[in-house]
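Everything on this sheet refers to the single structure shown next.
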2 protein chains.
Amino acid sequence: MTTQIRLLLADDHPIVRRGLRAVLETEPDFTIVAEAATAEQAVSAAAAGDVDVVLMDLQFGDGMSGDQATAAILAQPGAPRVLVLTTYDSDADIIAAVEAGATGYLLKDAPPDELGAAVRAAAAGRSALAPTVAARLMNRMRSPSVALSRREIEVLDLVGQGLSNHDISKRLYLSQATVKSHLVHIYAKLGVDSRTAAVALATEHGILRR
Amino acid sequence: MTTQIRLLLADDHPIVRRGLRAVLETEPDFTIVAEAATAEQAVSAAAAGDVDVVLMDLQFGDGMSGDQATAAILAQPGAPRVLVLTTYDSDADIIAAVEAGATGYLLKDAPPDELGAAVRAAAAGRSALAPTVAARLMNRMRSPSVALSRREIEVLDLVGQGLSNHDISKRLYLSQATVKSHLVHIYAKLGVDSRTAAVALATEHGILRR
DNA sequence: GCCGTCATCGATCGAAAGGTGGAGCCGCGG
DNA sequence: CCGCGGCTCCACCTTTCGATCGATGACGGC
């Protein structure tokens with residue numbers, strides 16, 4: 001017989017927690033030891049120690065985000081595995097979660113049996129990725145990793161807010177020449193030739209927050 | 001004693017349906033008569049007739065959207081009430097649902113007891129709005145409703161994808177003059193003076209999809 | 001010390017975008 | 001019927017942006 005897998009559910013939606021509980025409790029080898037409605041609660045519950053796998057949502061209403069909580073949990077000795085379970089699959093979310101050390105990444109529209117399989121995989125240290133997520137990761141590996149510098153992101157963010165070069169130069173205490181220079185570098189790195197295209201691509205790739 | 005309230009759950013996430021079922025079945029006067037995993041299923045299930053309240057998600061993976069399904073359901077004689085239950089609260093989603101004739105609008109992070117109260121309110125024909133949703137509606141009433149025409153939205157959408165005026169004119173089989181003309185009107189309606197600012201504002205207000 | 005990256009600034013020039021004003025067509029409703 | 005709003009187009013002008021050169025200093029790794 002297999003050993004029991006002890007689970008922690010971290011999601012800010014009570015309804016989702018109830019649904020997960022209903023789905024997972026039908027499996028005899030799963031035990032739900034705790035629930036967390038905030039990322040902070042998840043971190044302290046995981047620190048208590050008697051957890052094998054954390055089912056972690058990425059979006060919490062306020063406070064710490066799911067990927068931050070994931071990193072905090074995994075930073076502790078004897079940390080459990082973290083299986084990210086979220087509604088949508090933006091590039092930024094995925095890479096943030098993977099970088100934080102998540103063992104797997106599932107979407108909430110996954111069928112229940114797939115969920116159980118992913119939990120067992122995570123408990124065994126194997127990674128479980130939803131197909132669309134895997135595809136996105138491959139995509140990211142193939143494309144030359146677009147690494148903008150901090151300053152460039154700062155400029156591009158203001159561009160995305162609709163500011164002109166002149167506005168940006170005042171906001172950042174720069175000359176317009178510098179702003180333009182940053183933009184030239186940004187365009188080169190992203191392979192585009194206009195501010196709107198740069199913003200569109202950066203948003204799509206999760207470099208910018210909406 | 002009160003009469004039974006017959007419910008239809010429409011959500012593409014199995015986990016959410018399980019959670020809703022778990023939460024709502026504890027109420028003695030609720031009966032869940034059907035579930036729907038797509039908007040189309042929801043429409044046909046509601047057409048069957050033995051439903052009082054539909055709990056409707058707005059985001060479905062593909063096919064018909066929740067607000068379209070809401071409109072389709074309410075178009076039929078003897079239609080049930082539709083209570084929208086969704087994860088997030090963009091302006092566009094809210095107005096689309098309200099215009100489609102939804103009786104109430106709840107967020108999934110609502111506590112379970114609030115959900116029960118909203119269902120009873122909907123069954124009685126009273127409307128139930130989450131506080132943040134109500135606030136947004138008030139906000140929209142106050143601010144001059146920024147109604148862009150279909151063509152203007154089409155143009156603005158392409159602008160948001162990073163296309164130049166020339167690209168847009170070719171894509172829509174227009175002259176650049178026409179594109180510029182649409183943009184001038186867009187800027188006037190939104191109170192901005194650049195394409196990036198227009199895209200930023202429109203995205204923020206939910207006029208554009210990300 | 002040298003090299004690469006980042007950040008800063010400058011000048012110039014053509015292209016794109018924005019501002020202004022006008023015009024014709026069509027459908028819908030008072 | 002006639003006005004109004006949406007959609008289409010045109011011309012002219014100003015401003016902004018992007019492209020292409022260039023340059024300097026700071027910082028860190030090899």
Side-chain angles (χ1 to χ4, degrees), chain A residues 95 99 143-205 207-208, chain B residues 71 92 95-96 99 140-141 143-208:
Chain A
I95 59 165
E99 280 176 2
S143 72
S145 68
V146 184
L148 297 185
S149 73
R150 205 173 316 154
R151 199 59 159 170
E152 285 163 354
I153 290 178
E154 203 171 352
V155 170
L156 187 53
D157 180 50
L158 293 177
V159 169
Q161 292 174 31
L163 302 195
S164 69
N165 290 347
H166 182 243
D167 293 337
I168 296 171
S169 71
K170 281 193 301 183
R171 185 77 73 89
L172 299 181
Y173 304 104
L174 299 175
S175 79
Q176 293 190 45
T178 307
V179 175
K180 285 182 159 198
S181 180
H182 285 308
L183 283 176
V184 166
H185 297 147
I186 291 169
Y187 298 159
K189 286 181 180 177
L190 296 182
V192 298
D193 55 2
S194 78
R195 53 211 293 113
T196 47
V199 169
L201 199 70
T203 305
E204 192 181 329
H205 279 25
I207 300 171
L208 285 186
Chain B
I95 59 165
E99 279 177 3
R140 181 149 290 265
M141 291 306 181
S143 73
S145 66
V146 184
L148 297 185
S149 72
R150 203 172 317 155
R151 200 58 160 171
E152 286 164 354
I153 290 178
E154 203 171 351
V155 169
L156 188 53
D157 180 50
L158 294 177
V159 169
Q161 292 175 29
L163 302 193
S164 68
N165 291 346
H166 181 244
D167 293 338
I168 296 171
S169 71
K170 281 193 300 185
R171 186 77 72 89
L172 298 181
Y173 304 105
L174 299 176
S175 79
Q176 293 190 43
T178 307
V179 175
K180 285 180 153 200
S181 181
H182 284 309
L183 283 176
V184 166
H185 296 147
I186 292 169
Y187 298 158
K189 287 182 180 178
L190 296 182
V192 299
D193 56 0
S194 80
R195 52 210 294 112
T196 47
V199 169
L201 200 69
T203 305
E204 192 181 329
H205 279 26
I207 300 172
L208 285 187

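Computation of the quantities below employed the complete heavy-atom set of this structure, encompassing side-chain atoms and omitting hydrogens, waters and symmetry-equivalent molecules. Order of the sequence lines sets the chain letters (A, B, ...), proteins ahead of strands, with each chain counted from 1.
- Distances shorter than 4.0 Å separate none of the side-chain N or O atoms of B/Ser175 from OP1 or OP2 on D/dT8.
- In this entry the distance linking NE2 of B/His185 with P of D/dC9 reads 14 Å, nearest Å.
- Here the closest non-hydrogen pair linking B/Ala198 and B/Leu190 is O-CD1, 3.8 Å.
- Whole-Å rounding puts the A/Lys180 NZ to C/dA15 P distance at 15 Å.
- The separation between A/Leu190 atom CG and D/dA19 atom P is 13 Å, rounded to whole Å.
- Annotation for A/Thr196 and B/Leu163: closest pair OG1-O, 4.5 Å, computed over non-hydrogen atoms.
- Between B/Asp167 atom CG and D/dG18 atom C1' there is a gap of 15 Å when expressed in whole angstrom units.
- Toward the 5' end of DNA chain D, the nearer of the two residues A/Val184 and A/Ser164, judged by each one's closest nucleotide, is A/Ser164.
- Proximity of a side-chain donor or acceptor of A/Asp167 to a complementary backbone N or O of A/Ser164 within less than 3.5 Å is detected.
- The phosphate of C/dG18 has neither OP1 nor OP2 within less than 4.0 Å of any side-chain N or O from B/Ser194.
- One can place NE2 of A/His166 at 13 Å from P of C/dC9, the figure rounded to the nearest angstrom.
- Of the side-chain N and O atoms in A/Tyr187, none sit less than 4.0 angstrom from OP1 or OP2 of D/dA19.
- Within the structure, every side-chain polar atom (N or O) of B/Arg150 is placed at least 4.0 Å from both OP1 and OP2 of D/dG6.
- Applying the 3.5 Å distance criterion, the base of D/dC9 shares no donor-acceptor pair with the side chain of B/Thr178.
- The A/Leu174 side chain lies nearest to C/dC9 when the options are C/dC9, C/dA7, D/dA19.
- A/Tyr187 places no side-chain N or O within 3.5 Å of a backbone atom of A/His182 that could act as its donor or acceptor partner.
- Across the protein-nucleic acid pair, A/Gln176 atom CD and C/dT8 atom C1' stand 14 Å apart, rounded to whole Å.
- Within 4.0 Å of A/Ser181, counting heavy atoms only, lies at least one base atom of the nucleic acid.
- Rounded to an integer number of Å, the gap from CG of A/Asn165 to C1' of D/dT16 is 8 Å.
- Side-chain contact check for A/Ser175 and A/Thr178: at least one donor-acceptor pair (N or O, by modelled atom type) lies under 3.5 Å.
- For C/dA17, the OP1/OP2 oxygens have a side-chain nitrogen or oxygen of B/Arg195 closer than 4.0 Å.
- Per the geometry, CG belonging to A/Leu183 stands 15 Å off P belonging to D/dT16, to the nearest Å.
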